[in-house]
Amino acid sequence: PVKLPKDLGAMTMGDVARIRALDGVRSASGALVVWAFEDGQPTVVTGVVPGSVKTGPLRQYRSGARCCVLEEGRLFEPTERDVAIVDRAFADQRGLKLGSTVRLGPREFKVIGILKVAGVAVIGGGQAYVPLAAAQEMLGQGPIVVYAFVTTDADADLDRLGNQIRAIVGEGCQVTT
């Protein structure tokens with residue numbers, strides 16, 4: 001009922017920790033995007049590290065420059081598991097409101113937030129966001145992620161860092177700045 005999207009490979013949380021330790025990196029956070037199926041239809045679910053709003057797919061925008069605005073509700077608390085933040089269009093499609101329960105693959109989640117997503121391409125975007133540990137449990141492939149969001153020092157050598165990240169992650173790794 002849950003699988004990785006086609007053409008997305010995984011990296012370990014250890015890889016993310018090694019990226020975080022590189023000279024010139026201020027922070028790094030992983031995200032796991034999965035397809036959660038119900039009645040043959042996939043929902044794009046993104047697992048994020050609670051508290052990683054400044055480095056990750058839930059980065060708030062100003063003037064439409066980034067991902068999203070929390071329209072209703074709140075973000076995740078560090079210890080929460082079975083809670084979800086959903087995109088406004090997905091919420092409207094499913095008739096979800098704050099406090100509603102939504103089935104994502106094999107699990108049910110309580111909706112604690114509703115996002116307004118910007119009209120720009122969003123890396124690691126989803127119809128629903130859940131704590132990273134919950135997405136990893138749903139997938140059942142251990143502590144993996146498919147994206148690492150990295151914040152660097154202002155004067156960091158991005159070419160050097162990109163090469164170091166490619167060496168850590170391995171074949172097929174794509175670095176975008």
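These figures come from a predicted structure and were not determined experimentally.
- For Asp82, the side chain to side chain donor-acceptor pair (under 3.5 Å) partners two or more places apart in sequence, or in a different chain, are Arg107.
- When the side chain to side chain contact (heavy atoms under 4.5 Å, CB included) test is applied to Pro1, the partners found at least two apart in sequence or on another chain are Pro106.
- Asp92 is linked by a salt bridge (charged side-chain N to carboxylate O under 4.0 Å, His left out) to Arg88, counting only residues two or more places apart in sequence or in another chain.
- For the atom pair CG (Asp87) and CD (Glu71), the distance works out to 9.5 Å, reported to the nearest 0.5 Å.
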Checklist entry - How far apart are the C-alpha atoms of Arg20 and Thr151, what are their side-chain angles, what is the distance that settles it, and do they pass the side chain to side chain donor-acceptor pair (under 3.5 Å) test? => result CA-CA 9 Å; Arg20 189 179 301 116; Thr151 302; over 6 Å; no
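- Gln164 pairs by the side chain to side chain contact (heavy atoms under 4.5 Å, CB included) definition with Leu22, Arg160, Leu161, not counting sequence neighbours.
- Considering NZ of Lys3 and NZ of Lys6, their distance stands at 9.5 Å, rounded to 0.5 Å.
- Judged purely by atom type and a 3.5 angstrom limit, Glu72 has no side-chain atom pairing as donor or acceptor with the backbone of Leu115.
- Rounding to the nearest 0.5 Å gives a distance of 4.0 Å between CD of Glu137 and CZ of Arg81.
- Annotation: the span from Asp23 atom CG to Thr152 atom OG1 amounts to 11.0 Å, rounded to 0.5 Å.
- Panel note: side chain Gln41, backbone Glu38; no donor-acceptor pair is recorded below 3.5 Å.
- In this pair, Trp35 and Phe37 present their aromatic rings perpendicular. The plane angle is above 60°, beyond the 30 to 60° band.
- Under the 4.5 Å side-chain criterion, counting only non-hydrogen atoms from C-beta, Phe90 is in contact with Thr43.
- Annotation: the span from Gln127 atom CD to Ile85 atom CD1 amounts to 15.0 Å, rounded to 0.5 Å.
- With sequence neighbours left out, the side chain to side chain contact (heavy atoms under 4.5 Å, CB included) criterion links Asn163 to Arg166.
- By the side chain to side chain contact (heavy atoms under 4.5 Å, CB included) test, Asp15 is found to be paired with Met11, Thr12, Arg18, Ile168, residues two or more places apart in sequence or in another chain being considered.
- Note on Glu108 versus Arg103: salt bridge recorded, some NZ/NE/NH1/NH2 to OD/OE distance being below 4.0 Å.
- Exactly one residue among Val83, Val49, Thr79 makes a side chain to side chain contact (heavy atoms under 4.5 Å, CB included) with Pro131. That residue is Val83.
- Separating the NZ atom in Lys110 from the CG atom in Leu96 is a distance of 13.5 Å, to the nearest 0.5 Å.
- Side-chain atoms of Asp157 come within 3.5 Å of backbone N or O of Asp159 as a donor-acceptor pair.
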